[in-house]
Colleague: 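For reference, the structure I am asking about is given below.
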Protein chains: 2
Amino acid sequence: MVSPSEPGAEAEAAVSTVEPGLERILTTAIDLFGRQGVKATSVRAIAEQAGVSPPLVIHHYGSKERLREACDERVLAFIRESKAETMRAGLGGPPIQVDTRVDEARPALRYLARTLSEGSPRLDEFVDDLVEDAIGYTAQGVDSGLVRPSQNPRARVIILTLWSLGALVLHEHMYRLLGEDLIGEGGTDLYTQTMLELFSEGFLTERAQQAFTFSTDTDDTSQESA
Amino acid sequence: MVSPSEPGAEAEAAVSTVEPGLERILTTAIDLFGRQGVKATSVRAIAEQAGVSPPLVIHHYGSKERLREACDERVLAFIRESKAETMRAGLGGPPIQVDTRVDEARPALRYLARTLSEGSPRLDEFVDDLVEDAIGYTAQGVDSGLVRPSQNPRARVIILTLWSLGALVLHEHMYRLLGEDLIGEGGTDLYTQTMLELFSEGFLTERAQQAFTFSTDTDDTSQESA
DNA sequence: TGCCATGCTGAACACATGGTCAGCCCTTCC
DNA sequence: GGAAGGGCTGACCATGTGTTCAGCATGGCA
């Protein structure tokens with residue numbers, strides 16, 4: 001990804017030297033891993049930006065892989081805590097709820113986005129938890145009359161969750177095309193409004209439902225993917 | 001990503017030695033770049049799997065970067081051609097339409113999924129084209145009464161497109177959680193059916209719309225992202 | 001003051017990476 | 001038969017990478 005695809009692309013690059021090296025390294029790693037990916041980010045690059053020597057990175061974290069694990073833990077903990085604080089009861093809010101005005105939010109979300117696509121040992125469990133949470137509050141939403149019942153409640157939650165996470169992964173495309181930054185603080189009014197429209201009024205008319213149902217039954221020439 | 005997250009994870013690993021090195025290298029590169037990412041895949045790894053020497057890779061393609069460009073072109077061309085063949089008129093079908101029973105489909109889709117998140121020079125243009133296509137046939141759908149009109153037609157298309165692509169990017173999570181493989185030939189009936197339900201009947205009730213509209217107006221403590 | 005713990009670094013190591021180079025082998029054409 | 005072209009490779013090069021190692025500086029405590 002080219003950095004200018006995001007607004008304020010360099011805003012987080014400066015790391016205060018007042019903080020101990022241990023923390024500076026972690027913060028820098030989250031930033032760079034999130035921007036470039038783990039493999040494309042060298043220990044030397046992290047050290048340089050953090051204002052320390054490369055052996056100090058290894059000294060504090062043991063290895064690059066262990067540093068990456070520490071980043072996972074930090075980011076996932078941050079996101080979990082943020083969600084607990086801003087949880088919306090009963091409405092089945094987005095799976096990720098972070099106050100994007102907090103300094104730490106952007107690099108953490110960017111890191112999550114990158115990690116969602118690159119894979120990471122802890123991530124499956126994290127996504128599983130998001131889905132289980134959403135199953136819980138979506139069921140409450142159905143009970144309280146805010147959410148429509150579904151023939152496949154679990155599948156529905158999984159799909160909605162992965163759509164949402166997928167949008168986060170593609171946040172730079174979203175910014176480019178829609179002008180809204182899913183990991184920043186500019187607001188996502190258009191995204192939210194349009195999503196609400198889709199979820200309230202639907203997308204397909206009844207005519208389309210019938211036409212498509214018939215088409216699905218007879219059209220076996222291709223398996224559509226995405 | 002751990003390979004076993006996908007069904008038939010090794011199915012495409014064997015490359016026929018009957019084909020010229022030029023083609024074998026390209027096919028192998030698409031496979032490995034899609035599985036591991038470009039940076040994490042060495043020229044030597046590609047050469048070994050293709051059954052050639054590393055200098056031959058460079059001989060034919062000039063550099064690793066040029067090889068990656070050739071992969072982009074091949075995959076995007078394949079997907080464009082597939083879509084042209086299977087285009088569904090008027091219904092606003094998925095942005096990516098590939099016959100997943102074709103041998104080439106899986107590695108191509110996997111490559112696309114990886115490229116969507118890692119970034120690639122040609123990709124923005126490809127996504128733009130998908131969006132423009134979808135704007136066209138969604139408008140036709142509205143005219144023919146198959147698609148509901150929207151207050152933000154363009155935003156709607158962008159979001160639907162990015163959701164769909166995002167689901168592709170997270171295809172391994174989708175397989176793990178829903179049991180359906182968006183890049184394979186096992187079919188995506190549950191995904192399709194549930195998506196249709198969401199798009200036909202919506203998700204939020206009218207009660208929720210009112211409650212959420214009110215909540216959005218007054219709740220300014222956090223910017224929700226995804 | 002001396003010792004210990006902590007934070008830190010320059011130099012070096014072993015290995016990996018993309019790429020260069022000289023040259024071999026095979027096929028085709030004159 | 002000889003030359004040209006294409007496909008191909010072993011050896012090597014320059015550079016980058018994660019990590020080890022020996023040792024310095026500082027602060028706290030007895």
Side-chain angles (χ1 to χ4, degrees), chain A residues 1 3 14-74 111 114-115 118-121, chain B residues 1 3 14-74 111 114-115 118-121:
Chain A
M1 290 288 187
S3 296
V15 175
S16 167
T17 51
V18 179
E19 286 183 309
L22 185 80
E23 181 63 24
R24 268 185 285 146
I25 291 166
L26 188 64
T27 304
T28 301
I30 289 170
D31 186 44
L32 292 182
F33 284 160
R35 290 176 188 280
Q36 304 167 165
V38 174
K39 193 71 178 185
T41 303
S42 66
V43 171
R44 284 174 171 78
I46 294 166
E48 183 178 354
Q49 180 164 317
V52 300
S53 70
L56 190 65
V57 177
I58 306 300
H59 173 77
H60 279 315
Y61 291 96
S63 67
K64 186 180 176 184
E65 176 59 29
R66 300 268 291 286
L67 172 60
R68 177 241 184 88
E69 287 169 10
C71 292
D72 279 0
E73 286 186 28
R74 171 64 70 85
Y111 182 91
R114 176 67 73 170
T115 304
E118 279 196 357
S120 167
Chain B
M1 291 284 190
S3 296
V15 176
S16 167
T17 51
V18 178
E19 287 183 309
L22 184 79
E23 181 63 23
R24 266 184 286 144
I25 291 165
L26 187 63
T27 304
T28 301
I30 289 171
D31 186 45
L32 291 183
F33 284 160
R35 290 174 188 280
Q36 303 168 167
V38 174
K39 193 72 178 186
T41 304
S42 66
V43 171
R44 283 173 170 80
I46 295 165
E48 183 178 352
Q49 182 165 310
V52 301
S53 69
L56 190 65
V57 177
I58 306 299
H59 173 78
H60 279 313
Y61 291 97
S63 66
K64 186 180 178 183
E65 177 59 30
R66 300 267 289 286
L67 172 60
R68 176 241 186 89
E69 286 167 12
C71 292
D72 279 359
E73 287 185 28
R74 171 64 69 84
Y111 182 91
R114 176 67 73 171
T115 304
E118 280 197 355
S120 168

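As the structure is a computational prediction, the values presented were derived from the model and not from experiment.
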Colleague: Would you mind reading off the distance between A:Leu22 atom CG and C:dT6 atom C1', rounded to a whole angstrom?
Modeller: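 The distance from CG of A:Leu22 to C1' of C:dT6 comes to 12 Å, rounded to the nearest Å.
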Colleague: Check every atom of D:dT9, C:dT9, D:dT17 against the side chain of B:Ser53 and return the nucleotide holding the closest atom.
Modeller: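 Looking only at side-chain atoms, B:Ser53 lies closest to D:dT9.
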Colleague: Could you give the CZ-to-P distance, from B:Arg24 to D:dG7, as a whole number of Å?
Modeller: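 Interatomic distance, CZ of B:Arg24 to P of D:dG7: 12 Å.
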Colleague: If you only use heavy atoms from C-beta on, which nucleotide in D:dG18, C:dA11, D:dG10 is closest to the side chain of A:Pro55?
Modeller: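 It is C:dA11.
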Colleague: When the distance from CG of B:Leu32 to P of C:dG18 is rounded to whole Å, what number comes out?
Modeller: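 One finds 12 Å between P of C:dG18 and CG of B:Leu32, rounded.
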Colleague: Which is more 5' along DNA chain C, the nucleotide nearest B:Ser63 or the one nearest A:Pro54? Just name the residue.
Modeller: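 Mapping each residue to its closest nucleotide by heavy atoms, the 5'-most match is A:Pro54.
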Colleague: Is it the case that the side chain of B:Arg114 and the backbone of B:Arg35 share a donor-acceptor pair, with hydrogens and angles ignored and the cut-off at 3.5 Å?
Modeller: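 Checking the backbone N and O of B:Arg35 against the side chain of B:Arg114, a donor-acceptor pair under 3.5 Å is found.
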Colleague: Can you tell which of C:dT17, D:dT9, D:dT19 lies closest to the side chain of B:Val52?
Modeller: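 Of all the options, the side chain of B:Val52 is nearest to D:dT9.
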Colleague: If you pin B:His60 and A:Ala40 to their nearest nucleotides in DNA chain D, which one's is more 5'?
Modeller: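 By nearest-heavy-atom nucleotide position, the 5'-most residue is B:His60.
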Colleague: Could you give the CZ-to-P distance, from A:Arg44 to C:dG10, as a whole number of Å?
Modeller: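 That distance rounds to 12 Å.
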Colleague: Take atom NE2 of B:His59 and atom P of C:dC25, then tell me their distance rounded to the nearest Å.
Modeller: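 So the NE2-P distance, B:His59 to C:dC25, works out to 17 Å.
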Colleague: Is the shortest side-chain N to carboxylate O distance from A:Glu118 to B:Lys39 below 4.0 Å?
Modeller: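 No, no charged N to carboxylate O under 4.0 Å.
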Colleague: Check the distance between C:dG19's P and B:Ile25's CD1 and give it to me in whole angstrom.
Modeller: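 Roughly 13 Å, once rounded to whole Å.
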Colleague: Does some side-chain heavy atom of A:His60 sit less than 4.5 Å from a side-chain heavy atom of A:Arg24?
Modeller: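 The answer is no; the side chains never approach within 4.5 Å.
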Colleague: Knowing that exactly one of A:Thr28, A:Thr41, A:Thr27, A:Asp31 qualifies, which makes a side-chain hydrogen bond (donor to acceptor under 3.5 Å, both in side chains) with A:Gln49?
Modeller: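 When A:Thr28, A:Thr41, A:Thr27, A:Asp31 are each tested with A:Gln49, the side-chain hydrogen bond (donor to acceptor under 3.5 Å, both in side chains) holds only for A:Asp31.
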Colleague: Please report, rounded to the nearest Å, how far the C1' atom of D:dA25 is from the CG atom of A:Leu56.
Modeller: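 One finds 14 Å between C1' of D:dA25 and CG of A:Leu56, rounded.
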Colleague: Please give, in whole Å, the distance from C:dG7 P to A:Tyr61 OH?
Modeller: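 Nearest whole value for this atom pair: 11 Å.
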Colleague: Looking at every non-hydrogen atom in both residues, tell me the closest pair between A:Leu67 and A:Ala29 and how far apart they are.
Modeller: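 For A:Leu67 and A:Ala29, the tightest heavy-atom pair comes out as CD2-CB, 3.8 Å.
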Colleague: With the side chain of B:Ile58 defined as its heavy atoms from C-beta on, choose the nearest nucleotide among C:dG19, C:dC8, D:dT9.
Modeller: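 Taking heavy atoms from C-beta onward, the closest nucleotide is C:dG19.
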